[in-house]
Number of protein chains: 2
Amino acid sequence: MRATAHRFNASQQAMIHLIATAGPLSRTRLARALGVGKPALTALTRTLIEAGIVLEAREEADEPRQGRPSMLLAMNPEYGYFAGVSITLEQPVLVLVDLTGHVTARLELPFSRDPETVATQIADGVDSLIADTGIARERLLGIGVAVSGLVDAAHETCLNSTHLDWHNVPLARLIRDKTGLPAYLENDAKTAATREKLFGEARPLDDFAVITIGDGVGCASFIDGKLRRGHNGGAGEIAHTTVEPGGRPCKCGKRGCLDTVAAPGAILLQARNAGLKISTIGEIEMLAARNDPAALDVLHKAGATLGSVIAHLVQVNDPEAVFVIDTSAAVGTLIRTLVQQTVTANVLPDMGASLRLVFSRVSGDFWSQTAASVAAHKFFVPD
Amino acid sequence: MRATAHRFNASQQAMIHLIATAGPLSRTRLARALGVGKPALTALTRTLIEAGIVLEAREEADEPRQGRPSMLLAMNPEYGYFAGVSITLEQPVLVLVDLTGHVTARLELPFSRDPETVATQIADGVDSLIADTGIARERLLGIGVAVSGLVDAAHETCLNSTHLDWHNVPLARLIRDKTGLPAYLENDAKTAATREKLFGEARPLDDFAVITIGDGVGCASFIDGKLRRGHNGGAGEIAHTTVEPGGRPCKCGKRGCLDTVAAPGAILLQARNAGLKISTIGEIEMLAARNDPAALDVLHKAGATLGSVIAHLVQVNDPEAVFVIDTSAAVGTLIRTLVQQTVTANVLPDMGASLRLVFSRVSGDFWSQTAASVAAHKFFVPD
DNA sequence: CCAGATTTGTTTTCTTGATGAACTAAGAGG
DNA sequence: CCTCTTAGTTCATCAAGAAAACAAATCTGG
């Protein structure tokens with residue numbers, strides 16, 4: 001079913017990975033980075049250029065340097081494409097991204113929660129996307145799917161998603177069977193971290209954490225250049241950390257989980273319980289800016305709590321950076337400031353000084369793009 | 001200065017590492033584990049046996065199996081020795097351990113906190129240890145030193161130890177210069193984790209955390225088979241995580257750190273502040289067993305707090321096991337039970353079910369042995 | 001404009017390390 | 001004693017990378 005190309009040996013894979021994550025590089029730099037001699041690179045690049053996955057381009061030097069100018073090696077975006085989709089309780093969007101992570105096409109799929117139906121819709125969606133765009137089927141290198149919940153180590157089965165009410169759903173296998181393409185399933189926070197590593201600001205970093213603020217609070221880490229999945233695939237499941245003993249009841253059955261304090265829905269609920277007549281978190285921020293005590297209180301608690309959980313995470317893993325990605329317009333200036341302050345106050349000064357805490361706000365097909373990144377990551381770094 | 005032996009190539013190193021961590025193995029099993037063919041192993045083992053680092057022994061099968069019996073390959077304990085010492089505010093003990101981690105000799109050193117003096121005393125101590133034991137100098141493969149505080153990535157300099165009041169002390173270099181031997185410095189919790197991985201119960205595990213209860217609370221993790229040091233070498237510094245906002249002041253300047261609640265000294269202090277006339281934690285446990293409310297309260301708080309910090313750590317990294325090592329007879333039955341309960345209650349059931357929480361109590365030259373383990377680890381897994 | 005200087009990348013030759021296939025070794029079981 | 005099974009070895013062969021010498025492309029300084 002699948003074209004037999006796309007088979008690279010270990011050295012080639014290492015080089016593809018390096019070019020993909022460290023951007024266009026000259027042969028000499030690649031050699032140094034890979035710890036191999038120049039002759040090895042001549043041979044490697046030749047095969048990769050012949051395979052069409054790598055392009056050669058003249059370096060445009062800003063200021064003239066001595067010696068022969070180097071030829072830069074870069075990924076060929078059009079060598080292949082990855083499909084990605086995030087399965088939530090909303091209408092899913094299937095996206096197609098190229099080798100450099102840029103979205104080439106998108107397609108809205110019908111909503112369903114039945115695994116078989118979802119798999120069929122994805123398979124059909126991929127077919128119509130390649131038909132529309134005229135991309136050859138053998139250019140399709142993989143499909144990634146993001147879900148909220150626990151996923152097994154083989155990236156095949158959703159072990160448990162309270163959100164979708166799925167238990168042991170082998171969605172990736174279903175999709176693979178229907179499409180003949182490599183398909184991978186992954187927890188949504190981990191897909192977000194993968195995207196940040198492969199195509200985002202974390203590209204040069206080997207140790208960082210990603211916190212996503214969407215329906216709930218998600219978290220995932222890259223450690224030593226590898227996505228941390230954990231012994232049960234549950235690394236980063238901080239949404240249900242107890243932050244307020246005896247606090248408000250949570251969907252998970254416990255009380256006072258982080259999700260009951262800092263998740264967007266929880267913030268709204270707390271604000272309304274405090275008598276505020278608001279419908280968005282932006283409005284709470286506006287009230288807080290006018291010193292409304294209830295609004296200040298709610299946001300203060302959310303920010304400080306999130307900050308202390310992040311601080312704890314930093315103390316445990318000492319990452320180089322933490323990216324807080326707001327996917328639902330929930331993290332305003334006040335919360336940012338509080339998170340920042342709480343982290344600084346609760347982390348050892350030696351560590352806090354060099355820690356980068358980066359806030360960003362995303363929207364649109366973000367989650368589907370993260371899902372596609374997982375397929376890309378599997379292609380760049382097989383295992 | 002140093003004998004030119006002990007130079008092994010990558011494959012040999014990998015095999016030494018495997019034999020050291022996965023115990024005696026037959027050639028066939030080694031081949032499978034290393035992912036190489038049998039012929040490669042024949043060649044590799046030959047050189048290692050000739051070098052004297054590996055010993056061959058007939059397997060004593062319990063029940064007779066079919067086929068030719070395999071020859072087991074094991075480390076030769078006498079191939080080399082590692083020295084280790086822990087620098088604290090007490091009298092240091094220098095130990096010598098063999099390749100399998102067993103203590104062969106020990107020597108009490110004079111107490112000092114001056115780096116130059118410490119280095120000289122260690123160098124002299126190593127000399128007298130090998131003189132006493134008759135071990136040839138070229139059998140000495142390295143020296144490990146444990147300190148409480150931050151250590152740089154090169155394992156050479158103590159960046160910051162409030163305990164010892166050291167700042168940027170290049171102790172490992174001093175020792176290396178005086179002895180001509182490889183010397184390594186490491187944070188004490190990380191040395192404890194290294195010992196657990198190399199010679200302890202964590203040998204077969206790739207993902208685990210170690211919590212040490214000594215003067216304070218220490219923490220370190222192995223992730224994916226590698227010691228997690230972090231971007232600033234500060235991974236695991238949970239002693240000063242805020243667990244009780246506005247709580248008792250801590251040496252570090254903040255308030256309500258974990259160390260002010262769960263460290264042995266803090267437990268004693270809290271008990272005395274509550275009016276208990278006790279001098280050891282054992283006595284508090286005895287009072288608690290007789291339902292003394294103040295004693296119960298103090299131990300309950302310590303156990304539950306430690307448990308919730310461990311739970312958080314588990315949620316973040318999802319390790320296979322957590323080892324709680326009590327080096328000062330501080331963790332009694334009640335605290336164990338509370339830690340256990342709190343962890344179970346605060347971790348996602350999917351993760352908690354498979355998590356092993358192992359308590360142990362150690363004494364004697366434990367810390368010095370952990371220091372020696374770091375030198376051993378450097379020998380087995382160079383970088 | 002031309003001769004070094006300097007850096008990039010290629011070619012050639014050679015070493016190293018591992019492999020596959022066939023072989024020997026050492027036991028169990030009939 | 002012969003066969004089966006598993007362990008380990010030998011030998012011819014292959015593939016990947018290294019060192020050294022070389023070719024290419026640009027700057028510098030006359």
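In what follows, chains are A, B, ... by sequence order, proteins preceding strands, each numbered from 1.
Applying the side chain to side chain donor-acceptor pair (under 3.5 Å) test to A:Gln369 and every residue at least two apart in sequence or in another chain returns A:Arg195. Scanning for salt bridge (charged side-chain N to carboxylate O under 4.0 Å, His left out) contacts around A:Asp206 gives A:Lys197, with sequence neighbours left out.
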Legend entry - B/S/- contact track for nucleotides 20-30 of chain C, protein heavy atom under 4.0 Å: BB---BBBS--
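Annotation for B:Gly234 and A:Asp318: closest pair N-OD2, 2.9 Å, computed over non-hydrogen atoms.
A salt bridge between B:Arg356 and B:Glu201 is present, with a side-chain N of the basic residue lying under 4.0 Å from a carboxylate O of the acidic one. B:Asp207 and A:Arg228 are joined by a salt bridge, as a carboxylate oxygen and a charged side-chain nitrogen come within less than 4.0 angstrom of each other.
The aromatic rings of A:Tyr79 and A:Phe8 lie tilted to each other, with the angle between the two planes from 30° to 60°.
Direction change of the helix axis from one end of the helix from C:dG9-D:dC22 to C:dG30-D:dC1 to the other is 10°, with five pairs defining each end axis (rounded to 10°).
Counting heavy-atom neighbours within 6.0 Å of B:Arg65 CZ, excluding the residue itself, gives a total of 12 or less.
Within residues 23-34 of chain B, no residue has any heavy atom under 4.0 Å from DNA chain C.
Counting any heavy atom pair closer than 4.0 Å across all strands shown, B:Ser70 reaches sugar-phosphate atoms only and no base atom.
Annotation: side chain of B:Leu227 is in contact with side chain of B:Glu186 (closest heavy-atom distance under 4.5 Å). A 4.5 Å side-chain heavy-atom check between A:Thr21 and A:His377 finds every atom pair outside the cut-off.
The span of DNA chain D lying next to chain B, judged by atoms under 4.0 Å from heavy atoms, is bounded 5' to 3' by D:dT5 to D:dT10.
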